[in-house]
Amino acid sequence: QVQMAESGGGLVQAGGSLRLSCTVSGLTFENHAMGWFRQVPGAAREGITCISGSGKSFRYKMSVKDRFTISRDNAKNTLYLQMDSLKPEDTAMYYCAARNNDYCGPDFARPSYFSYWGQGTQVTVSS
């Protein structure tokens with residue numbers, strides 16, 4: 001059974017930083033590309049970044065590029081999202097997700113592209 005758990009969310013002031021983690025069990029972690037999504041109430045879930053199984057290739061949405069950094073530690077079965085220069089519009093529930101292959105394609109932001117999901121961690125950025 002695949003289990004994924006996010007942590008590291010919280011309340012931060014605009015301009016601050018947070019680091020999210022996602023621990024994964026129940027699958028061969030390095031065989032799966034991983035992504036981070038976010039969602040605000042009433043809106044669709046938005047894919048913001050993806051990392052390949054090897055950790056050597058990445059994709060980012062323009063809204064977070066140069067502020068957020070995705071990484072992974074395959075030895076620890078853990079995915080990370082370093083979020084810097086946070087803005088109030090980054091406020092959302094953040095989810096990690098796993099694909100059933102090891103690469104991120106051009107459709108990386110589609111939720112249907114991913115097979116496994118965590119429960120989410122809330123990030124709130126105050127102005």
Side-chain angles (χ1 to χ4, degrees):
Q1 181 180 358
V2 177
Q3 293 186 318
M4 299 172 59
E6 302 92 339
S7 61
L11 175 64
V12 64
Q13 288 189 329
S17 298
L18 282 175
R19 189 193 196 202
L20 306 184
S21 299
C22 171
T23 57
V24 180
S25 63
L27 51 76
T28 305
F29 189 59
E30 61 265 29
N31 289 349
H32 297 263
M34 299 293 297
W36 285 99
F37 287 72
R38 63 187 183 186
Q39 188 172 24
V40 298
R45 193 165 292 190
E46 173 193 26
I48 56 174
T49 183
C50 180
I51 186 170
S52 65
S54 68
K56 294 180 180 178
S57 64
F58 324 90
R59 290 185 182 263
Y60 291 93
K61 286 295 287 287
M62 286 302 297
S63 57
V64 303
K65 188 173 171 54
D66 300 328
R67 298 189 300 121
F68 291 9
T69 304
I70 191 171
S71 63
R72 64 192 293 160
D73 185 337
N74 285 349
K76 296 182 178 180
N77 281 17
T78 303
L79 174 73
Y80 302 101
L81 182 66
Q82 177 66 41
M83 305 187 293
D84 298 318
S85 303
L86 281 161
K87 304 175 181 179
E89 52 263 43
D90 294 319
T91 294
M93 185 73 78
Y94 282 72
Y95 299 89
C96 61
R99 282 205 72 198
N100 268 333
N101 56 41
D102 64 357
Y103 63 90
C104 301
D107 292 337
F108 74 95
R110 285 189 183 180
S112 60
Y113 206 56
F114 292 79
S115 301
Y116 307 104
W117 294 86
Q119 301 281 354
T121 186
Q122 177 68 37
V123 171
T124 303
V125 185
S126 63
S127 57

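By convention here, the first residue in the shown sequence is residue 1.
- Of the possible polar contacts, one joining the Thr49 side chain to the Arg59 backbone as a donor-acceptor pair under 3.5 Å is found.
- A side-chain donor-acceptor contact under 3.5 Å links Arg72 to the backbone of Ser52.
- Interatomic distance, CZ of Phe29 versus SG of Cys22, reported as 7.0 Å (0.5 Å rounding).
- Hydrophobic clustering (ILVMFWY, side-chain heavy atoms < 4.5 Å, transitive): Ile51 and Val2 are in one cluster.
- Judged purely by atom type and a 3.5 angstrom limit, Glu6 has no side-chain atom pairing as donor or acceptor with the backbone of Leu20.
- Atom CG in Leu81 sits 9.5 Å away from atom CG in Leu18 (nearest 0.5 Å).
- For Arg38, the salt bridge (charged side-chain N to carboxylate O under 4.0 Å, His left out) test picks out Glu46, Asp90, with sequence neighbours left out.
- Residues Tyr80 and Met83 do not share a hydrophobic cluster, defined by chaining ILVMFWY side chains whose heavy atoms lie under 4.5 Å apart.
- Applying the salt bridge (charged side-chain N to carboxylate O under 4.0 Å, His left out) test to residues at least two apart or on different chains, none of the pairs has a partner in residues 10-31.
- Using modelled atom types, one side-chain atom of Tyr60 and one backbone atom of Ile70 make a donor-acceptor pair closer than 3.5 Å.
- Remark: the backbone N or O of Gly53 is paired with a side-chain donor or acceptor of Asn74 at under 3.5 angstrom.
- Considering CZ of Phe68 and OG of Ser17, their distance stands at 9.5 Å, rounded to 0.5 Å.
- Shortest non-hydrogen contact noted between Val40 and Ala92 is CG1-CB, 3.7 Å.
- Within the 4.5 Å cutoff, the side chain of Thr91 has heavy atoms near those of the Gln122 side chain.
- Ser21 and Thr78 get closest at one heavy-atom pair: CB-CG2, 4.3 Å.
- Of the inter-residue distances, the one linking Gln13 atom CD with Leu86 atom CG reads 11.5 Å to the nearest 0.5 angstrom.
- From Met34, atom CE reaches atom OG of Ser71 across 11.5 Å, with rounding to the nearest 0.5 Å.
- Contact annotation: the side chain of Asn100 approaches that of His32 to within less than 4.5 Å [non-hydrogen atoms, C-beta and beyond].
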Just do the side chain to side chain contact (heavy atoms under 4.5 Å, CB included) check on Val24 and Leu79 with the steps written out, would you?
-> CA-CA 8 Å; Val24 180; Leu79 174 73; 5.6 Å; no
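- Residue Ala109 comes nearest to Lys61 through the heavy atom pair CB-CD, 4.1 Å, listed as atom of the first residue, atom of the second, then distance.
- As a member of the Ile/Leu/Val/Met/Phe/Trp/Tyr network built from side-chain separations under 4.5 Å, Tyr103 groups with Phe37, Met93, Tyr95, Phe108, Tyr113, Phe114, Trp117.
- Here the straight-line distance linking atom NZ of Lys87 with atom OG of Ser127 works out to 14.0 Å at 0.5 Å rounding.
- Atom CD of Gln119 sits in a sparse spot, with 12 or fewer heavy atoms from other residues, nucleotides or ligands closer than 6.0 Å.
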